Amino acid sequence: MSGAPSRTVEYLMQVSSEVSPMSVSADGSPLPVTIVGGYLGSGKTTLINQILNKASGRRYAVLVNDFGELAIDAQLIESEDGNVINLSGGCVCCSYGNDLTSAMMELDTSAIDQVVIEASGVALPGAIAGSLSLLTSYTLSSIVVLADCVTVQSHASDKYLADTIARQLASADLILLNKTDLLDESQLVQKKDWVRSNYQSARCVATSHADYPVDLFLTEHTSRDVNQCDKTNDSETHLTSVYTTFKLEVKDKYNVQQLAANLAETEPGLLRVKGFARDLSGQMQLIQIVGRRWNVRPAPVSAKEGIVCIGLSADNLCSEGVSARAGLI
Amino acid sequence: MITIYSAKKIVTMNPARPEATHVAVRDGRIIGTGALAELEGFGAGTLDDRFANKVIMPGFIEGHSHAVEGKWWRYVYCGFFDRMDPHGKVWSGVETIDAVVERLKQRDEAMTDPETPIAGWSIDPIYFAEKQLTRKDLDRVSTKRPIGIMHASGHIMNVNTRALELAGFLREGIDNGGLPLGDDGLPTGELRGPDVMMPVGAHAGFDSNMLDFDEPGLLDFGKLCVRTGVTTATDLAARLTDEIVGIGIDVTSRDNFPVRLSAYRFHHGLTPKELVRQVMNLTEKSTDRFRLGRIKIVADGSIQGFTARINPPGYYNGAPNGLWYIAPEQMLEIYELALQNNIQVHTHTNGDEATDLAIDMLEKALQKFPSNDHRFTIQHGQLVNAAQFRRMAKLGFCVNHFANHHFYWGDEHYQFTVGPERAERMNPCRTALDNNIPLAIHSDAPITPIGPLFTAWCAVNRITGSGRVQGHHERITVDEALYAITMGAAYTLQMDHEIGSIEAGKRADFAVLEDDPTEAEPFALRDIGVWGTVQDGRVFDASQL
Ligand SMILES: [Zn+2]
């Protein structure tokens, strides 16, 4: 399948829509949260604007440390009211200042489908994830950390910033090595090698202008989401030939947690995995993986077994190899 | 209308005329000091003898306080040390968990609704010889109403079971360093760090904006100032929303409001450009008693919270280095824009790495925008070392040290945070002066009580809570300490041309004292009584507030 353009949403959706929306997860299940971190100038704002621009009916709450750091595309803004900016399509952007936990508790979760937290340039995404774990109405979907490929290495050895940058990158499920358009090929290879050798557990993808298919790290957990997605027919989410998509055959019963962990931990090329498999007791489970972070939740029996994987074409992944290594066959 | 006050002694802090018996005041300004006959040359005036038995000093200046202390006194005081409230009542320190429970019960019994929360503040369990304070202790006060007590350091809170329940944290399976668990697998009720304190604290009656003053709170803060001889204070990390600015201007303009307040806009929540733009706009709203147009940056966290950024060898107990609250580029940009627009910046640094950063950034910014008299000030600078002072002197940095800290947490720093050697040189006032750094000293009220004579006592004696002298070599003299709480602080606030000494042309701001601090035993400095103040020529008798 390598090289053939495919459509992210379609593939991810295909899995979702094979079961009745209400049964994927009942309303009231925890809202997925994506934490976007990275030092100043790494491209967080660009990435978040992309998420908002591609919202296609999904209602995001974007929480920013302060509005100052997030220059939202003007055409998205509908109204502003103190700490809240209302955006088109039901999205909101709120500044949380010093008190993220309270801001999360105050969010009207019935009016949103997903939460994206923009961490400040010196904040530690891992610490944010720690406080998030206290809030039962949310679940961490992934930590995405951007790195400016030109400056990241010097920041990582900077007298003042070294440990902060290291802690940020080490907490990432997915590292977007951004601004690659500013480097030539050999420089880029060197930067990639540096990231991969220092932060082995995270996935690392090279991007320019934070251009990454955001659906690969945003996850859906709620029935509302599935309904919304059903209506979308977004032609902009074509995956380029940089990415490859393939399906894993799932027929047996498995230790699903172990299976998910295997896929997340032993397949550094996989960026996104979503699918259904039966656990040892026969109960259907939903597997979601973003980068190295995996999540398993009960799914309805009517769900159809099968797992969709998306990775980098360059990593030459194939269904057979991944299945074998993950213990599927 | 000239009023001539006589006094047992007037300590002017003006080297040209250090002592006087009389001071003449007209329209809120000092027109002269000296003997009565000298002052009569200004023309007919009224001789006011009410201070004939008092000692008059320049009104004290608190260069690092938060006006929110007035509001915090509406919470129940649970501190280990005696502390005076705005009404002059001295609350005795509570020394055991039982005593804490007893004090909260008194509040509980005075309340009619059984579910209204009780918020307490300033508890310091490190002084309790007993076991840890837990939610079960506070449940003895009530299981129906949420109860929370903020620790003196401001970094930890203890709550009862009801408060945890309301916040949704009374459950098993919590895995978060901010919420330690008991043997039963449930949180003990101790909340470490703002991420867990704030959401639970809201249920226990704490305001979510911990640093915003309100009208009654500001009025009460004014009373505390009169009782401690303060005529100019700071609100050093203000959000300064339109609402807060409105309250500040309104309350301070009232005839009976006794303090001049300089409010520094906290950097957080704005880009450097937006921050400087906003502060320049605020300058236009500045009034005589509510000064606006300056910036406060917070660079790192606190030493006792292990969030300060410190250089090797790091924390004594091996804790990892602390957190940055601003990126280096942002600090540099604020410094540059501020220098360019002639705006003063005070920077909170606790750890020495944070101080290094401030020094490096100012050095860079000054190369681009040279300034002969910026008076940028390091606030706290608790771990500044001699080498840093030498650079600071060249760059024109001032310092305002947290002298009180030594008394309240000196023993803890010695044992846990930075260890003996560095604990003995924390808040190094002596080294600052030896390097010709303009020096002020502060309380950081409400973290420790406002009271410049007490702060001076701390800097002069360097006594810790357990009674040890910690760092003899960093002690300063009584005269130097008195200078720091008057002229020194005035200089760091860019007000030394207006206040800080009693001399012709300056504001008629006096601290009216029962005894002469310059003659007092250094150890008795903190016991000198304060009769009240004169501020802009208006007399405030502490016993009549
Ligand atoms: Zn402070």
Side-chain angles (χ1 to χ4, degrees), chain A residues 30 37-42 44-45 64-71 82-83 94-107 117 119-124 126-138 140 148 151 154-155 158-168 170, chain B residues 167-169 171 173-179 187 191 193-203 208-211 237 239 241-243 266-275 278 298-300 307 309 311 314 320-331 333 353-354 356-357 360-361:
Chain A
Y39 191 62
L40 299 183
S42 57
K44 298 193 293 286
T45 301
V64 299
N65 192 256
D66 48 69
F67 286 147
E69 292 188 5
L70 185 80
N83 289 342
C94 325
S95 69
Y96 57 84
N98 284 333
D99 191 2
L100 176 62
T101 317
S102 299
M104 299 283 287
M105 284 172 137
E106 281 161 21
L107 270 187
I117 298 172
S120 84
V122 284
L124 305 178
I128 294 176
S131 17
L132 196 65
S133 70
L134 290 172
L135 306 176
T136 47
S137 42
Y138 299 96
L140 179 60
D148 177 335
T151 57
S154 66
H155 283 153
D158 182 85
K159 177 183 172 199
Y160 296 116
L161 291 171
D163 63 320
T164 304
I165 300 297
R167 284 154 95 176
Q168 287 179 347
Chain B
F169 293 166
R171 54 188 159 88
I174 284 178
D175 179 16
N176 185 295
L179 277 176
L191 316 172
D195 290 343
V196 288
M197 273 163 60
M198 300 225 225
V200 189
H203 293 284
S208 61
N209 290 309
M210 298 291 282
L211 290 178
R239 287 197 308 145
T241 58
D242 289 347
E243 191 194 351
F266 184 26
H267 84 269
H268 203 97
L270 297 170
T271 60
K273 284 187 192 69
E274 182 62 16
L275 174 70
Q278 239 190 56
V298 176
D300 67 342
T307 47
R309 292 288 312 190
N311 280 330
N321 206 349
L323 302 172
W324 291 114
Y325 292 152
I326 188 167
E329 283 94 330
Q330 289 170 322
M331 186 190 280
E333 193 181 350
E353 188 189 7
D356 268 343
L357 178 67
D360 281 355
M361 294 304 115

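Quick caveat: nothing in here was measured; it's all calculated off a predicted structure. Proteins come first, then strands; the chains are lettered A, B, ... in the order of their sequence lines, and each starts at number 1.
Across Asp360(B), Thr241(B), Leu179(B), the residue that shares the most heavy-atom pairs under 4.5 angstrom with chain A is Asp360(B). The most heavy-atom pairs under 4.5 Å with chain B, out of Leu134(A), Val122(A), Thr136(A), come from Leu134(A). When the candidates Ala354(B), Pro194(B), Pro328(B) are compared by the number of heavy-atom contacts under 4.5 Å with chain A, Pro328(B) comes out ahead.
Interface remark: Leu323(B) contributes side-chain atoms only to the contact with chain A (heavy atom separation under 4.5 Å). With a 4.5 Å cut-off on non-hydrogen atoms, Asn176(B) touches chain A through its side chain but not through its backbone. With a threshold of 4.5 angstrom between heavy atoms, Ala202(B) does not approach chain A through any atom at all. At a 4.5 Å heavy-atom cutoff, Arg239(B) makes no contact with chain A through either its backbone or its side chain. No part of Leu275(B) comes within reach of chain A, as not one of its non-hydrogen atoms sits under 4.5 angstrom from that chain. Residue Leu100(A): no heavy atom, backbone or side chain, is found under 4.5 Å from chain B. With a 4.5 angstrom heavy-atom cutoff, Glu329(B) touches chain A via backbone and side-chain atoms both. Proximity to chain B is absent for every atom of Ile128(A), based on heavy atoms less than 4.5 angstrom apart.
Legend: residues meeting side chain to side chain donor-acceptor pair (under 3.5 Å) with Tyr325(B), ordered by chain and number and at least two apart, are absent. Residues satisfying the ring-ring contact (aromatic ring centres under 6.0 Å, His included) test with Tyr39(A), not counting sequence neighbours, are His155(A).
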Start with the C-alpha gap between Tyr160(A) and Asp356(B), add the side-chain angles, then the distance that decides, and say whether side chain to side chain donor-acceptor pair (under 3.5 Å) holds. CA-CA 9 Å; Tyr160(A) 296 116; Asp356(B) 268 343; 4.8 Å; no
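Taking 4.5 Å as the limit, every side-chain heavy atom of Leu357(B) sits out of range of all side-chain heavy atoms of Lys159(A). Considering only heavy atoms from C-beta on, Thr101(A) stays 4.5 Å or farther from Met198(B) through its side chain.
One finds the CZ atom of Arg309(B) at 4.5 Å from the OG1 atom of Thr164(A) (value rounded to the nearest 0.5 Å). A distance of 11.0 Å separates OG of Ser102(A) from CE of Met197(B), quoted to the nearest 0.5 Å.
Around CD of Gln278(B), the count of heavy atoms belonging to other residues, nucleotides or ligands within 6.0 Å exceeds 12.
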